[in-house]
Amino acid sequence: MLKNHIEELLIQSLLHLKRDGIIPGDVDIQPQLERTRSVDHGEYATNLAMALAKPAGKPPRELAQAIIDRLPNSRQVERTEIAGPGFVNFFLNHCALTGVVRDVLRQGEDFGTQRQLADNRVTVEYVSANPTGPLHVGHGRGAAYGASLSNVLQASGFDVQREYYVNDNGRQMDILALSVWIRYLELCGERVSFPENGYQGEYIYDIARTVRSEDGDKWRFSGHDVFDGLPPDGEAGGDAEAYIDALINKASELMGHEGYVVFFGASIDAILGDIKDDLREFGVEFDTWFSEAQLEESGAIEHAIERLRENGHLYEKDGATWFRASELGDEKDRVVVRENGRTTYFASDIAYFMNKLERGFGKAMYVFGADHHGYIARLKAAAMGLGEDPEKLEVLLVQFAVLFRDGKKVQMSTRSGKFITLRELREEVGTDAARFFYVMRSHDQHLDFDLDLAKSRTNENPVYYVQYAHARICSVFRQLEQNDMRHNSAIGEAALDQLTEPRELALMRAINRYPEIIESAARLRSPHLVAHYLGDLATEFHGYYNAHQFLVDDENVRNARLNLVDATRIVLVNGLAVLGCSAPEEM
RNA sequence: GCGCCCGUAGCUCAGCUGGAUAGAGUACUGCCCUCCGAAGGCAGGGGUCGCAGGUUCGAAUCCUGCCGGGCGCGCCA
């Protein structure tokens, strides 16, 4: 990166300043290099002189001159300038800019990615929706954000493991299996009363039909045997939870473990399979689907609880085992083993975190919906309770997305089962638009998702705007072939010094920003920066395209321009890929 | 009540570890296709950065309080 090169120059200059006694040797200030807002101020600027003013006891502009005097010579820097209160501005040489074009063509899809740093392993856990139904549009944002975040982290040198935690254990699974069984009984012709807190969706019937087509009436029991003697459901003035628990007990009584496994297995296979397909079609991939049931079987949960106990963070109260989280920054203490002897989901979470560290990851990142923010304190407390550095656990919250159609909010409610699924959204607006729109805004910002805009094939649509730039470039190369010419990038490279139009310089500058954008996006966990950048890059390209003809007679200029345009194309492809969007050659 | 997030142009939003004159898109107005894709470009107006203090060479950015909006506070997940 050019930026790193100039930072290195500053570090050298700083060393000389200390050696020459201009500033005390013990000041510990890292040179900060930032992009200028306007080209009038050059390419990069540093506030180093202002930062040194106090420790050196000298006016900033005087220090700025001292810094400049000690900068090593560089072929990349044309000149420097002192500006304003004491900024040092760096103007790049023309060859530094054209060098970027050359780099892009050489590095291709690797342009913008950093070499992997040693010992930089990180897990990113995202989506992790319970396999009790199809993914809905709320999960979509977490999926898009988690996937793009993983991509930028990987591009900036992290060894990233993408993980989905599958909650295939516990009471919710019992309720799921039960819901399918009741629908199954219904399909068999029994009169049933579906529990208020059961899973209502149509997909439950689908799974029930699958079981019935394989096992026939094998798990059929009469409505009387099932429902007689149960406490009233919520609708009938009773306790809905107690009712559903009673039904679960009745189910295992009648069918036994064998039957439960059939319904549970069919449910998880169907739903998890559907989720996996859905995410794959959404371009969201995982390295690991981590099963909670297996975590429990492995004894990891008990192991984690034991560790907390050894560290003196557990106590018994009301027949349950509590984790003294309140002493580690959480609001209150949390139960890890319930009165009935079963461990809580929180206990599993602790064990899973421990498992991640045991597998050698230096950091575990979690992408949560904003409604889960209450978990952060207790997970951090758990990390401390295990004797680990809580900094190893990083939670990224994704705020809600609200869909808009015809300028109005699309109302949804999970309770009634009336929500829009991720699959429906993809079918309506397409994967590219969905992926782009989801990460277009900062993850900690609420998102207004305009369905009509996402579908529109106009310049208002930011995805089409970027993709159109790519398609236009591809069209230029098709036009070239139709004119019986071919692109000679060697000639182009030799003639890059002829690219001196202001628009050409601006486009090169934009390309040069890409690696810096990837680095910032990773550091700030903000892939939306890439989306904004792509819009800027497309703008620079469209402006260039409208102002200049690429396919000119002069062979040198033509090939140089094609090199620049091809480099632009590559950066567009790379950036779109980070966001999970395609780069169509024609639209 | 306590805790977390947010408040920037009419609307949707950027603004990086504090920096130079606060930026895009959209909407509105007027231009540009005998020319590689007009799904494009050029030009223009539009702001008490929620409010009030504080920190300092410098605050949209950091701190405190208040106002407004969202979310969370189960031996549920």
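Chain naming here is simple, since letters A, B, ... match the order of the sequence lines and numbering starts at 1 in each.
No side-chain N or O of A:Asn488 forms a donor-acceptor pair with one of A:Asn559 less than 3.5 Å apart. Inspection of the A:Asn169 and A:Glu296 side chains reveals an N or O donor paired with an N or O acceptor under 3.5 Å.
Taking atom P in both B:rG25 and B:rG41, one finds a spacing of 8 Å when rounded to whole Å. Taking the P atoms as reference points, B:rC42 lies 16 Å from B:rC33, given to the whole Å. B:rU17 and B:rU64 have their C1' atoms separated by 23 Å, given to the nearest Å. Of the C1' atoms belonging to B:rU12 and B:rG7, the separation is 14 Å, rounded to the nearest Å. For the P atom pair drawn from B:rG44 and B:rC6, the interatomic distance equals 34 Å after rounding to whole Å. Rounded to a whole angstrom, the distance from the P atom of B:rA60 to that of B:rG54 is 15 Å.
As judged by a 4.0 angstrom heavy-atom cut-off over every strand, A:Leu529 is placed among residues touching the sugar-phosphate backbone only. Within 4.0 Å (heavy atoms only), A:Arg503 reaches sugar-phosphate atoms of the nucleic acid but no base atom. A:Phe400 comes within contact range of the sugar-phosphate backbone alone, with a heavy-atom separation under 4.0 Å but no base atom that close. Nucleic acid contact for A:Asp318: base, since at least one base atom lies under 4.0 Å from a heavy atom of the residue. Nucleic acid contact for A:Gln32: base, since at least one base atom lies under 4.0 Å from a heavy atom of the residue. Using a 4.0 Å heavy-atom distance criterion, A:Ala469 is classed as making no nucleic acid contact. Among the heavy atoms of the strands lying under 4.0 Å from A:His372 is at least one base atom, whether or not backbone atoms are also near. Looking at heavy-atom distances under 4.0 Å, A:Tyr345 makes contact with sugar-phosphate atoms alone, never a base. At the heavy-atom level, A:Asp444 lies under 4.0 Å from the strands shown only through sugar-phosphate atoms. Backbone-only engagement by A:Gln172 is indicated by non-hydrogen atom pairs under 4.0 Å involving sugar-phosphate atoms exclusively. Among the protein residues, A:Leu551 comes within range of the nucleic acid bases, having at least one heavy atom under 4.0 Å from a base atom. Using a 4.0 Å heavy-atom criterion, one finds that A:His443 contacts no nucleic acid atom at all. Among the protein residues, A:Met50 comes within range of the nucleic acid bases, having at least one heavy atom under 4.0 Å from a base atom. Contact annotation for A:Asn89: base contact, defined as any heavy-atom pair under 4.0 Å involving a base atom.
For A:Tyr533 and B:rC16, the OH to C1' distance is 16 Å, given to the nearest whole Å. Atom CD of A:Glu34 is separated from atom P of B:rU61 by 17 Å (rounded to the nearest Å). As rounded to whole Å, 23 Å separates atom P of B:rC36 from atom CZ of A:Arg486.
Under the 4.5 Å side-chain criterion, counting only non-hydrogen atoms from C-beta, A:Phe449 is not in contact with A:Val410.
In a base pair of the Watson-Crick type (N1 to N3 plus N6-O4 or O6-N4) or a G-U wobble (N1-O2 and O6-N3), with each distance short of 3.5 Å, B:rG58 is matched with no nucleotide. With a 3.5 Å ceiling on both atom-pair distances, the Watson-Crick or G-U wobble partner of B:rC11 is B:rG25.
Checked against the 6.0 Å centroid criterion, the rings of A:Tyr145 and A:Tyr438 do not qualify as a close aromatic pair.
Geometrically, A:Arg334 does not engage A:Phe323 in a cation-pi contact defined by less than 6.0 Å to the ring centre and at most 45° from the axis.
On a pure distance criterion of 3.5 Å, a polar donor-acceptor pair joins the side chain of A:His373 and the base of B:rG3. Side-chain to base pairing of A:Asp371 with B:rG72: no donor and acceptor N or O lie closer than 3.5 Å to each other.
Ring pair A:Tyr352/A:Tyr165 is parallel by interplanar angle, where below 30° counts as parallel and above 60° as perpendicular.
Taking side-chain N and O atoms only, A:Lys54 has a distance below 4.0 Å to OP1 or OP2 of B:rC57.
Looking at A:Asp566 and A:Arg569, a side-chain N of the basic residue comes within less than 4.0 Å of a carboxylate O on the acidic one, giving a salt bridge.
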